[in-house]
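What follows is a single structure, written as C-alpha coordinates, with notes after it.
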Amino acid sequence: MDRENQALSFTHLFDEEAISTVRGELGAAVAGRLRRDKPTLCDLVRVCHLLGRDPVELFG
(Lines give C-alpha, C1' and ligand atoms only; values in the text may rest on other atoms or scores of the structure.)
Protein backbone atom coordinates (compact mmCIF):
# COMPACT_ATOMS: atom_id res chain seq x y z
CA MET A 1 0.00 0.00 0.00
CA ASP A 2 1.26 3.48 -0.84
CA ARG A 3 2.39 5.34 2.27
CA GLU A 4 0.88 8.58 0.99
CA ASN A 5 -2.58 6.97 1.02
CA GLN A 6 -2.13 6.04 4.69
CA ALA A 7 -1.48 9.61 5.85
CA LEU A 8 -4.17 11.46 7.73
CA SER A 9 -5.04 14.99 6.70
CA PHE A 10 -6.22 17.58 9.20
CA THR A 11 -6.23 20.77 7.11
CA HIS A 12 -9.96 20.59 6.39
CA LEU A 13 -10.72 20.62 10.14
CA PHE A 14 -9.23 24.04 10.91
CA ASP A 15 -10.46 27.19 9.20
CA GLU A 16 -8.59 30.51 9.09
CA GLU A 17 -10.26 31.74 12.28
CA ALA A 18 -9.08 28.63 14.15
CA ILE A 19 -5.56 29.00 12.72
CA SER A 20 -5.51 32.64 13.83
CA THR A 21 -6.59 31.65 17.35
CA VAL A 22 -3.91 28.98 17.45
CA ARG A 23 -1.27 31.45 16.27
CA GLY A 24 -2.25 33.90 19.01
CA GLU A 25 -2.40 31.36 21.82
CA LEU A 26 0.09 28.63 20.91
CA GLY A 27 2.45 30.44 18.56
CA ALA A 28 3.31 30.69 14.90
CA ALA A 29 5.17 27.37 14.82
CA VAL A 30 2.07 25.36 15.80
CA ALA A 31 -0.14 27.35 13.43
CA GLY A 32 2.35 26.82 10.62
CA ARG A 33 2.44 23.07 11.15
CA LEU A 34 -1.37 22.95 11.06
CA ARG A 35 -1.46 25.00 7.88
CA ARG A 36 1.15 22.75 6.21
CA ASP A 37 -0.72 19.64 7.47
CA LYS A 38 2.32 18.52 9.47
CA PRO A 39 1.10 18.82 13.09
CA THR A 40 2.56 16.71 15.86
CA LEU A 41 0.25 14.63 18.02
CA CYS A 42 0.94 17.06 20.84
CA ASP A 43 -0.07 19.97 18.56
CA LEU A 44 -3.37 18.28 17.76
CA VAL A 45 -4.20 17.63 21.41
CA ARG A 46 -3.28 21.18 22.45
CA VAL A 47 -5.22 22.75 19.57
CA CYS A 48 -8.31 20.65 20.27
CA HIS A 49 -8.18 21.60 23.94
CA LEU A 50 -7.80 25.30 23.02
CA LEU A 51 -10.72 25.18 20.57
CA GLY A 52 -12.96 23.06 22.83
CA ARG A 53 -12.94 20.02 20.55
CA ASP A 54 -12.55 16.35 21.39
CA PRO A 55 -9.17 15.19 19.99
CA VAL A 56 -10.47 11.62 19.61
CA GLU A 57 -12.96 12.84 16.98
CA LEU A 58 -10.04 13.84 14.72
CA PHE A 59 -9.31 10.18 14.13
CA GLY A 60 -12.87 8.92 13.85
Side-chain angles (χ1 to χ4, degrees):
M1 183 178 280
D2 187 5
R3 182 177 179 177
E4 194 171 66
N5 290 335
Q6 293 176 347
L8 295 174
S9 178
F10 300 100
T11 55
H12 66 282
L13 300 174
F14 303 104
D15 61 11
E16 284 302 313
E17 182 178 348
I19 298 286
S20 179
T21 300
V22 169
R23 186 181 308 110
E25 297 292 324
L26 301 178
V30 176
R33 287 190 296 269
L34 280 177
R35 182 167 277 139
R36 291 187 312 273
D37 204 23
K38 301 290 185 190
T40 65
L41 180 58
C42 192
D43 290 342
L44 292 172
V45 171
R46 291 173 65 201
V47 167
C48 285
H49 178 71
L50 173 68
L51 299 176
R53 298 182 187 173
D54 182 359
V56 175
E57 292 180 3
L58 294 177
F59 303 99

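Positions are given from 1 along the sequence.
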State plainly whether one hydrophobic cluster holds both [X] and [Y], where clusters connect Ile, Leu, Val, Met, Phe, Trp and Tyr through side-chain heavy atoms under 4.5 angstrom apart.
X	Y	value
Phe59	Phe14	yes
Val47	Leu41	yes
Leu8	Leu58	yes

Any non-hydrogen side-chain atom of Leu44 less than 4.5 Å from a side-chain atom of Pro39? yes

If you compare all heavy atoms of Cys48 against all heavy atoms of Pro55, which two are closest, and at what distance to 0.1 Å? SG-CA, 3.7 Å

Which atoms form the tightest heavy-atom contact between Leu51 and Ala18, and what is the distance? CD1-CB, 3.9 Å

Validation: residues 27-35 side-chain donor-acceptor distances under 3.5 Å, sequence neighbours left out:
from	atom 1	to	atom 2	distance (Å)
Arg33	NE	Asp43	OD2	2.5
Arg33	NH2	Asp43	OD1	2.9
Arg33	NH2	Asp43	OD2	3.2
Arg35	NH2	Glu16	OE1	2.6
Arg35	NH2	Glu16	OE2	3.2

Checking Thr11 now: which residues fulfil side chain to side chain contact (heavy atoms under 4.5 Å, CB included) with it, not counting sequence neighbours? Ser9, Asp37

d(Glu57 CD, Leu13 CG) to nearest 0.5 Å is 10.0 Å

